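Comments concern the structure below.
Model, not experiment: these values are computed from the prediction. Residue numbers start from 1 in every chain, and the chains themselves are labelled A, B, ... in the order their sequence lines are given, proteins ahead of strands.
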Protein chains: 2
Amino acid sequence: MGKSMSSLLRKWTNLGKFKNMYRDNADRYGKTTAAYGPFSRHRYCKNLQLCHFSNMTFERRSRLDDVARDAGVSLATVSRAMTRPELVRATTLARVRSSAQKLGYIPGGVARALVSGKSMTVGAIVPTLDSAIFAKTLQAMQSTLSQAGYLLLVASTNYNNDAEVEAIRGFLARGVDGLFLVGAERSRQASDLLRNAMVPVTLGWCADPLFDAVTVDNHLAGALAARHLLDLGHRNIGMIAGQVSSNDRQRKRVEGARATLLEYGVALPEWLVSEQPLTLAGGRQGCAVLMSAAHPPTAIIGGNDILAIGCITELQLQGISVPQGLSVVGIDNLELAAHVTPPMTTIHLPTGRIGEQAALSLLRRMANPGPPQEIELPVELVIRKSTEPLST
Amino acid sequence: MGKSMSSLLRKWTNLGKFKNMYRDNADRYGKTTAAYGPFSRHRYCKNLQLCHFSNMTFERRSRLDDVARDAGVSLATVSRAMTRPELVRATTLARVRSSAQKLGYIPGGVARALVSGKSMTVGAIVPTLDSAIFAKTLQAMQSTLSQAGYLLLVASTNYNNDAEVEAIRGFLARGVDGLFLVGAERSRQASDLLRNAMVPVTLGWCADPLFDAVTVDNHLAGALAARHLLDLGHRNIGMIAGQVSSNDRQRKRVEGARATLLEYGVALPEWLVSEQPLTLAGGRQGCAVLMSAAHPPTAIIGGNDILAIGCITELQLQGISVPQGLSVVGIDNLELAAHVTPPMTTIHLPTGRIGEQAALSLLRRMANPGPPQEIELPVELVIRKSTEPLST
DNA sequence: GAAGCTTATGAAAGCGTTTGCAGTAAATTC
DNA sequence: GAATTTACTGCAAACGCTTTCATAAGCTTC
């Protein structure tokens, strides 16, 4: 109806024949909108909103102009009162604040983000949230960021590169102000996205010359574990690790161990490295594999604590006591490592500090641009009761 | 300089005396903006952006109108091509898509959120990320949400009510489309905020008639643990729990255990309940406290698995073997519970499913409003090796 | 081949903030 | 008390999209 009416109108006024009549159109839009006002999407919904837990409609959230009206000032003044109170007179400020309080005003971060270009959120992409390591890192990160008024968006990839690309794209689309990622290896597509992101990126655990990074020396962690066992006299050492082809942290740890062993003339052949999922079950499975070899090792390095603890469990089940029958050393120093029986020797990685430092790095870089910077955090051997000298 | 110039101008033209000269002002703004164009904030920065890792300036991220120009269509058409491709002609669509690809266009979610009122993010607030339970829940949640195109914002409260209020406010300010919270108890301020939020809220673990919830029967979990020990003949039972005054989950578990014991005429007095931080160390400490009593219990219930595992560790250290010397039962059924020595009897809580169901609940409620709904997930006793009949 | 439908496209009006500039009230100076 | 400076406040543009309405372009149909 409305449509044919307006096409009739078009004929009558013969407007269709004119070009460059944008102003004219605008005028008509003005009138039309006013006429259709109450029925147009925006006008109609503008002051009402459906309540999600009762199907009733309520008044919408209050905006800057509601507060302005209530306080009898302009919207701009309210905005300034909110963000730069030193610019408004004390009496006005008080009036605005009490109005805001009264109306339960909550600033609209979305609009704010649009105009300022800052969303006050950073995104973190980790392989999985369901891991003590990443959980601890994210906890530290979130806590540091929130002190600076930033919120943390999280995504997990399940160690899948395509999921990572999707997550990056999603975060970029949401306009995050910074990005945290684990490891330095990723698909070409992901790298391209990051390089063109124009958003600070900080990597965790491993470094890439293109980005900021908070790292630990994974190679050294492996080396330290190996050296400890060598020092105890072990010469037949096995390792249970994650999938080295897709996990640069695990790969470097294996390489570090291998290189150190080699210094002592001890080989770490493929068949003494069992690649397993990074779970307790994986640790047990890896242990079973290694122990079923012709010459089972006298000591085992876990690529992380979870693998090492799984390994200890399996050994105990097989009736092999730790450390008398076999020494086990882990990497990470989870809280758990100190509380298993026997308390586990492991390489301490400052997991929480990685998150904290990554947050600080992001915060710094958001404030001042500059060349990429790597912060390397120290790793350290923690000797407990799961390792002992080789009994001859 | 500019200022005094313009006040001089004001005098000369005597404009100051006229009221309602907004149109006039607008005209002058128009000219002024055009004249100052290249020096005004927006114009100046509009096409350049500082690169965070090199101090160089690059071209800004491409926008809808860049793609439009490249494809030779209007901005509106590009928008439609992105979000409702069925509305544009196939050939146009292809042209737009290739332009978008070429320019590396990433949609601006912030603007999108502003106009649509949907930010495609949901917020989750948990006591801490650094806990296997919440980590697992969030992992499941994130994974379910991301399938629906939603992103997850997280915050942690460290069991602090004020932090929770801040987090809620922050999330609301960012315009989250849904909110997930743990437990049903919170400060008055937080409740008010949630009630007026006009955003779906889903609670986890405990229910509140005002909101949707995905719960487990914490009372039953405690009861099941107690009944299991009673069935095994134990009559002197202790419990290590979190702080019941501020943690409704833990409190209900204690209450459930106590009620069930009472059915058998067994009391659970205050001195047999040790409140501890929810850590392994807390579990050990709680165990030490209980075992130092005049009549130490013959069985202990852990308010969660972490406490129970800490408890087992402490017992082993004290030379008490589990289950021969003392039975221990946990609550949660973490992956770890099956892998400690001895494998631990515990109450299975569907931790991951809580996250998954909470995500689905939020997704449902964002689509259709309705009265609050509670989904209760089953709990179940899992008997392993840490409990055995009371040896008389 | 004119009239009517249907489909594709374009112009511009918002969405709720921040902020540059202009103008006005208040404070200070002479 | 007039003139000048300073402190505050207001208007409107801009942020990058989505969507409404109008029109233009293709189709049918008689």
With a 4.0 Å cutoff (strictly under), does any side-chain N or O of [X] reach OP1 or OP2 of [N]?
| X | N | result |
| --- | --- | --- |
| A:R89 | D:dC8 | no |
| B:S74 | C:dA11 | no |
| A:Y105 | C:dT17 | yes |
| B:T92 | C:dT9 | yes |

Can you tell which of B:M82, B:R112, B:R63 makes a side-chain contact (heavy atoms from CB on, under 4.5 Å) with B:P107?
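Single side-chain contact (heavy atoms from CB on, under 4.5 Å) partner of B:P107 among B:M82, B:R112, B:R63: B:R112.
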Only residue of A:L362, A:L363, A:L179 satisfying side-chain contact (heavy atoms from CB on, under 4.5 Å) with A:P200 is A:L362
Heavy-atom donor-acceptor pair, A:R80 side-chain to D:dG10 base, under 3.5 Å:
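In this structure, the two groups form a donor-acceptor pair.
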Indicate yes or no: at least one non-hydrogen side-chain atom of B:L194 is less than 4.5 angstrom from one of B:L210.
no
Counting C-beta onward and ignoring hydrogens, is there a side-chain heavy-atom pair between A:M141 and A:V154 closer than 4.5 Å?
no
From CE of B:M120 over to P of D:dT18, roughly how many Å is that when rounded to an integer?
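So the CE-P distance, B:M120 to D:dT18, works out to 12 Å.
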If you check the [X] side chain, which of [options] turns out closest?
| X | options | result |
| --- | --- | --- |
| B:A111 | C:dT17, D:dA12, D:dG16 | D:dG16 |
| A:V115 | C:dT9, D:dT18, C:dT18 | C:dT18 |
| B:L114 | D:dA14, D:dG16, C:dG10 | D:dG16 |

Describe the nucleic acid contact of A:V73 in one word from base, sugar-phosphate, nothing, applying a heavy-atom distance below 4.0 Å.
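Sugar-phosphate contact only.
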Base, sugar-phosphate or nothing for B:T77? Non-hydrogen atoms, less than 4.0 Å.
sugar-phosphate
